[in-house]
Amino acid sequence: MTGHNVLHTMGYDAFGLPAEQYAIESGQHPRVTTEANIANMARQLARLGLGHDRRRVLATTDVGYYRWTQWIFLQLFESYYDAGSGRARPIAALVAELDAGDREPDEHTLPAGSSWSDLGDADRRRVIDAHRLAYVSEAPVNWCPGLGTVLANEEVNAEGRSERGNFPVERRPLRQWMLRITSYAERLLDDLDLLDWPEPIKLMQRNWIGRSTGATVAFAAEGGDPSIEVFTTRPDTLFGATYVVLAPEHDLVDAFTAAAWPEGTPNEWTGGGADPKTAVDAYRAATARRSERDRQAESRVKTGVFTGTFAINPVNGDPVPVFIADYVLTGYGTGAIMAVPAHDERDFAFAKAFGLGVVEVVHPPASWFAEHGLDDGAPVEQWPDAFTGEGIATASANDDVSLDGLSVPDAKAAITGWLGVQGTGRSTVTYKLRDWLFSRQRYWGEPFPIVWDDDGFAHAVPADQLPVTLPEIDDFTPRVSDDPDALPEPPLARADDWVKVSLDLGDGPRTYRRETNTMPQWAGSCWYELRYLDPHNDEAFVDPEIEAYWMGPRSPGESGGVDLYVGGVEHAVLHLLYARFWHKVLFDLGHVSSVEPFHRLFNQGYVQAYAFTDDRGFHVPAAEVVEGDDGTFTHDGVPVHREYGKMGKSLKNSVTPDEMYEAYGADTLRLYEMFTGPFDQSRPWNTRDVIGVHRLLQRIWRNVVDEHSGEVTVTDGAVDDDTLRALHQMLDAAADGYESLRFNTVVARITEYNNHLIGRFDGGVPRAAVEPMVLALAPLAPHVAEELWERLGHDTSLAWHDFPVADPALLVAETVEIPVQINGKVRSHITVAPDASTDDLEAAARADARIAELLDGAEVTRVIAVPGRMVNLVVK
RNA sequence: GCCCGGAUGGCGGAAUCGGUAGACGCGGAGGGCUUAAACCCCUCUGACCCACCUCGGGUCGUGCGGGUUCGAACCCCGCUCCGGGCACCA
C-alpha cells in the first residue's frame, strides 16, 4: 500500500466528509475504536444532522485480513444448518447428538436404508460432510474458459456470458466448494422487512430468492417403485396431468429408462433412438454439450425424448408417459414436473410438439374465450394456448375427492389435503436461489484453509496456523486447454512445494495436499464492514463488545447493522445477498449481535455522458469529437454516431477527476456532483454547468475574505431579523436535506442564503450570519469550509463543532403571501399572518379589491381556506 | 413475455402532506463597472395573446387520452416512450 490509507467507505465518503482529515500515513492506520475516534465520528455524524447520540461509522483499513476471512470460512466448514432451530450450529454438536443416539442425520445424507449407528468411519465422515455449510460438490457449474475459472450463477448474465469480461460461459460438471446459502433462503427473505432499503432492491432480492409455494406429488412407476417426486404450484390441475418430465440430469432417469420401446410408441417420441437407452443417452449428451448460450439462441423450441416407461397419476390411476426434456431444470424444485398442457404454456408447447393429450381441468371465464376469438366454452382442442389464469375446476373428481366447482385456491387446498391423507403429496416451498459456488481457479484470492488427506477427506487447517498465505509463483494464469474435457487447473496446483504439507491434526504428523482453488472476490467484501470496526484485533475478527456498540440493534426486534450503506445497484443480488448470508451465519454462531449487516441502504446513480462510435461500432474518445453546425458529429473528420451511457473507460467518455481538480479544485467537483440532481438518480455530466457551483464557492469566500488583501472582512455587527430568519430557514432545510440525502437541495438553499447576504452589509457581513453557513457547507465543500473556519479565527477543525440547529421560533415568517382562488384559479394574492384563521382568511380574501371586483356580488357557495396556504372561493 | 423505476422550460433539476408549478444552477437577452476584455454586480428569461410612459391582465402549460376533487406534476383508469432487473423457475 502506498500513500494514504484513507478512512472512508461507500457510506462515509458519500457525505463528502473531509476524508483527508483522517488520512493516515501508511502503516499507521487508526483504530477507529479508540475513544477519540469514536467521539470524532459521532460528532461528524451529528454535524450532518443525523440526530443519533451514537453512530456506527465505517472505516477502511489495509487489506491483509485473509486470516480472518479464512477463519470465518472455517466457521462455515465446521457448522451445519439445524432445521429444528432454524439456526446454524457447530457440527461438533451434531456429531455428539448422533453418537449419543439422540437424533438421526438428515435423510438425504444417509446411504439408503442405513442409520448412523450402522455406519463405518468413512461413511460417517461422508454424512458429516454432507451437512456442512461449506461443502464440496460435483455439480454442473459455470465454466468460463476465457477467464479460466468457474463462476457463480449470479456472475453469469442473461446472454450466458461472464459479468466480468463478457466471455462465453458453459456448463460443465466439476468438483467445487459450495456454500449452503439456500438454507437461509427463508430468513434472507423475511428479514428484508427489517431493513430500510429501497423497495426495488428488496424486490430484486425477493425475486432472486424466488420463493414459491406449491406441493410435491409422488408419481409411482407402473410397478409401484420407484416414485418420481414432482413439484407443482398448481396441484389443483393434477387431474389434467397427462405426462411427466424429468430433467435430463435427474437421478431417476436410468431407473425409468425401459429396455425397449413399448408397442405403439410414436416415432417422434424416440428421438431416432433404436431403444430408450440409446435415445436417452444421446439426448443427455446433447444437452450436456449445449452451452447456455446455445439454449438461449434456440429460444423456446421444446425438445425431449420418451423414456419408454409410464408413471401413475395418483389422483386417477392413469398411466402417463415419462419424458426427459431440457425445459425442466435439474436445480429447481425436485427436477421433475407433472405436465398439465391445458394450463401451462411450456407444457402446452411440448404437448403440441409431441402429440400428447391436453385435458381441460380449469374452466376459463367467458372473457378469455372472447379474447382468443373462441366461442364461449370452446373445447380444449381449439385452444391456441394454455389457460393459466383463475377459473373454476372441472373434470377433477375421483371416488374420494372432487374439486369440481371450486376456485383455484380452494381446489389447491382441497387436493393438497387429500394427497396428504393418501401419503402421496404434501405442500412444499421451493426457491430459485441455488447454493453459492464459492471456489475459483485463480491465483489472487484467499486460499482455502483446507487440506486433503489420502482418502479424499477435507480437513480444516488449525486456526492458530492461519493465515494460509499464497506461495510465490511465476505463472499466475490458469491453464486453459484446447481439450474440451480437460479439467481446469488452478495456478496454485503447480506450486508443488506449497501444495504438499505436513501437519499434525491430532493423530500425529501426516502429509496432506492443500486445496488449490481460491475464494472469489466476494469473500472479503462479505464481512469487511465488521473488520472496519476493529481493524487491528489479533484475537478475533471483531471484538464482540465493539460490534455490539457499533452494529448492535438499538431496540429489540431491530436488525442492527451499519447505519447507512451507499453503493451501486449492481450489487443488489451479489454482494448484498452474500454479505447478508455470512452475517447471519456469524449471528447464529454467536459472533455478532446484529442480524443484518446493513440497516439502511442507498443506491447512488451513475454519472452518464455521451459516447461516440464510428462505423465499425468502435468507441472513439468523446473528448475528441467535434459537433458540426448541422448537429452531426465527427472524429478526425470521420462521421460518428452519438449514444449515451455510464461514464467510463469502455465507452471512452470519461471526464477524469484530475482534469476537474486542475481546473476548479476538489470541492467544486464534489459540489457539482452533489448539486446536479438527486443522489440516487443517474444523470448526464455537463462540464459547462460546473462553473455554477464554482461561482458559489467564490461568492461565499468573498463574504468572508477580501480577495485582494486577503483580510477577513466579517464584523461583530448585529444580524437583522430578515437575515436571521433566512439563516434559520436555510439551516432547517439543510439539516433536512442531509438527513434525506437530498444534497442537491442543500446546495440550493445555501446558495439562496448566500445570495441574500451579498450586497446587504456595508463594511462586512456579521460573523453570526456567516459561521453557521460555513458549518452547513462543510460536508459538501470540506476544504473551503475548513479554510474559512480557520480564517474566522478558530484553532481547531470545524469537524469538532456541532452542526448548527435551526431555532423553530425563527422558522415562522411574520407574514405570508397566499393565493386567493376563484373556482380553483389564482386571481389575487393576500398578505396575512401565517396562523390567520379560516374566517380571517375569507374576510381578507373578500376584502381584496380585485377579488371583490371579480365576484361582483356573485354568490359564494363554498369557501375552502387552508391557513398559511391558500383561499379558494367557489361561485356558481 | 413478466416485474420495477422514470418522463416537469433551451439544459440539469425544485415543488417532502392533493394547495401560488418552474426554487437553485447552466445557457440566453439587456444594463452597470472598465481605456478595453475578463472577472464581478444588477434586471429579465415556460409558451402564446392583450396592454406597454408605467403598474399590469388573460389563455394554455408538468409524455398522451380520460376520471376523481373546490383544487392534480402528485390520486385512479387506459396508453406511449425511455432506463433497469428477471427470463423454460413448473
Side-chain angles (χ1 to χ4, degrees), chain A residues 157-158 198-204 206-208 210-212 214 230-234 237 245 295-296 298-302 325-329 331-340 343-347 349-350 388 430-434 569-570 572-573 605-606 608 644-645 672 675-678 680-696 698-699 702 707 733 736-737 739-740 742 744-752 755 758-759 816-829 850 861-866 868-875:
Chain A
N157 66 22
E199 275 308 317
I201 300 292
K202 287 191 184 184
L203 195 66
M204 281 164 71
R206 287 194 185 102
N207 289 341
W208 192 265
R211 182 185 206 270
S212 59
V230 303
F231 174 74
T232 178
T233 54
R234 292 295 302 277
T237 62
V245 187
R295 283 198 186 184
Q296 204 71 33
E298 289 168 31
S299 72
R300 300 285 186 266
V301 177
K302 295 289 180 289
D326 67 0
Y327 83 92
V328 174
L329 307 174
Y332 182 76
T334 60
I337 63 157
M338 66 176 205
V340 185
H343 305 292
D344 181 279
E345 285 171 20
R346 297 149 301 182
D347 297 346
F350 191 87
T388 57
T430 59
Y431 303 90
K432 286 188 209 173
L433 184 69
R434 314 291 167 82
V569 276
E570 68 272 20
V573 291
Y606 298 125
Q608 301 185 305
Y644 185 61
Y672 168 74
F675 176 59
T676 51
D680 58 348
Q681 205 168 291
S682 293
R683 56 184 170 274
W685 175 271
N686 195 344
T687 301
R688 199 175 63 178
D689 290 347
V690 174
I691 191 69
V693 287
H694 190 59
R695 282 181 195 147
L696 169 64
Q698 292 174 327
R699 285 175 183 158
R702 285 197 298 267
E707 58 181 334
D736 194 43
E739 173 75 42
S740 56
R742 292 159 66 251
N744 53 328
T745 62
V746 178
V747 180
R749 300 312 292 268
I750 291 176
T751 307
E752 225 168 9
N755 287 347
I758 289 173
V816 289
E817 192 190 56
I818 65 166
V820 180
Q821 303 174 347
I822 294 176
N823 287 345
K825 286 193 184 297
V826 178
R827 295 301 179 194
S828 186
H829 294 88
R850 178 165 166 73
T861 55
R862 194 172 163 193
V863 177
I864 295 114
V866 182
R869 288 286 192 181
M870 45 68 70
V871 183
N872 188 12
L873 306 174
V874 183
V875 298

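What you see below is based on every heavy atom in this structure, not just the backbone, and it leaves out hydrogens, waters and symmetry mates. Small disclaimer: the values here were computed from a predicted structure and weren't measured. Each chain gets a letter, A, B and so on, in the order the sequences are listed, and its residues count up from 1.
- Within the 4.0 angstrom heavy-atom criterion, only backbone atoms of the sugar-phosphate kind lie near A:Leu203; the bases stay farther away.
- In this structure, CE of A:Met204 is placed 12 Å from P of B:G84, rounded to the nearest angstrom.
- Taking the P atoms as reference points, B:A73 lies 40 Å from B:A87, given to the whole Å.
- For B:C70, the OP1/OP2 oxygens have a side-chain nitrogen or oxygen of A:Arg862 closer than 4.0 Å.
- The phosphate of B:C41 (OP1 or OP2) has a side-chain N or O of A:Arg699 nearer than 4.0 angstrom.
- Taking atom C1' on both B:G78 and B:C44, the two are 42 Å apart, rounded to the nearest angstrom.
- What separates CH2 of A:Trp208 from P of B:G84 is a distance of 17 Å, to the nearest Å.
- Taking the P atoms as reference points, B:G57 lies 31 Å from B:U69, given to the whole Å.
- Applying the 4.0 Å criterion to OP1 and OP2 of B:G25, one finds that A:Arg683 has every side-chain N and O outside that range.
- Taking atom CZ on A:Arg695 and atom C1' on B:C41, their separation rounds to 12 Å, with Å as the unit.
- In this structure, A:Lys825 reaches the B:C60 phosphate: one of its side-chain N or O atoms is under 4.0 Å from OP1 or OP2.
- Aromatic ring pairs are classed by plane angle as parallel below 30°, tilted from 30° to 60° and perpendicular above 60°; the pair A:Phe350 and A:Tyr327 is tilted.
- Taking atom P on both B:A72 and B:G61, the two are 11 Å apart, rounded to the nearest angstrom.
- Rounded to an integer number of Å, the gap from CZ of A:Arg206 to C1' of B:G85 is 15 Å.
- B:G18 and B:G6: their P atoms are spaced 15 Å apart (whole Å).
- Closest contact between the side chain of A:Lys302 and the listed nucleotides B:G58, B:G25, B:C88 involves B:C88.
- In terms of position on RNA chain B, the residue among A:Gln681 and A:Tyr327 whose nearest nucleotide sits closer to the 5' end is A:Gln681.
- Side-chain proximity of A:Thr676 to the nucleotides B:C88, B:G12, B:G13 is greatest for B:G12.
- Residue A:Val328 has its side chain nearest to B:A90 when only B:U20, B:A90, B:C3 are considered.
- An OP1 or OP2 oxygen of B:U16 is reached within less than 4.0 angstrom by no side-chain nitrogen or oxygen of A:Thr745.
- The base of B:C26 lies outside donor-acceptor range of the side chain of A:Asp689, with no N or O pair under 3.5 Å.
- Of the candidate nucleotides B:U16, B:G12, B:C41, B:G12 has the atom lying nearest to any side-chain atom of A:Pro684.
- Residue A:Arg827 places at least one side-chain N or O under 4.0 Å from the OP1 or OP2 atom of B:U59.
- The side chain of A:Asp326 lies closest to B:C88 when the candidates are B:C41, B:C88, B:C11.
- Comparing A:Ile691 and A:Glu817 by the nucleotide of RNA chain B that holds the closest heavy atom to each, the one mapping nearer the 5' end is A:Glu817.
- The side chain of A:Gln821 contributes no N or O atom lying less than 4.0 Å from OP1 or OP2 of B:U20.
- B:G27 and B:G22 are spaced 16 Å apart, taking the C1' atom of each and rounding to whole Å.
- With a 4.5 Å cut-off on side-chain heavy atoms, A:Asp344 and A:Ile337 do not count as touching.
- Taking only side-chain nitrogens and oxygens, A:Arg869 never comes nearer than 4.0 Å to OP1 or OP2 of B:G71.
- Between the CD atom of A:Gln608 and the P atom of B:G83 there is a distance of 10 Å, given to the nearest Å.
- Checked against B:A90, B:U20, B:G25, the side chain of A:Ile337 finds its nearest nucleotide in B:A90.
- Contact annotation: A:Tyr332 side-chain N/O to B:A90 OP1/OP2 distance is under 4.0 Å.
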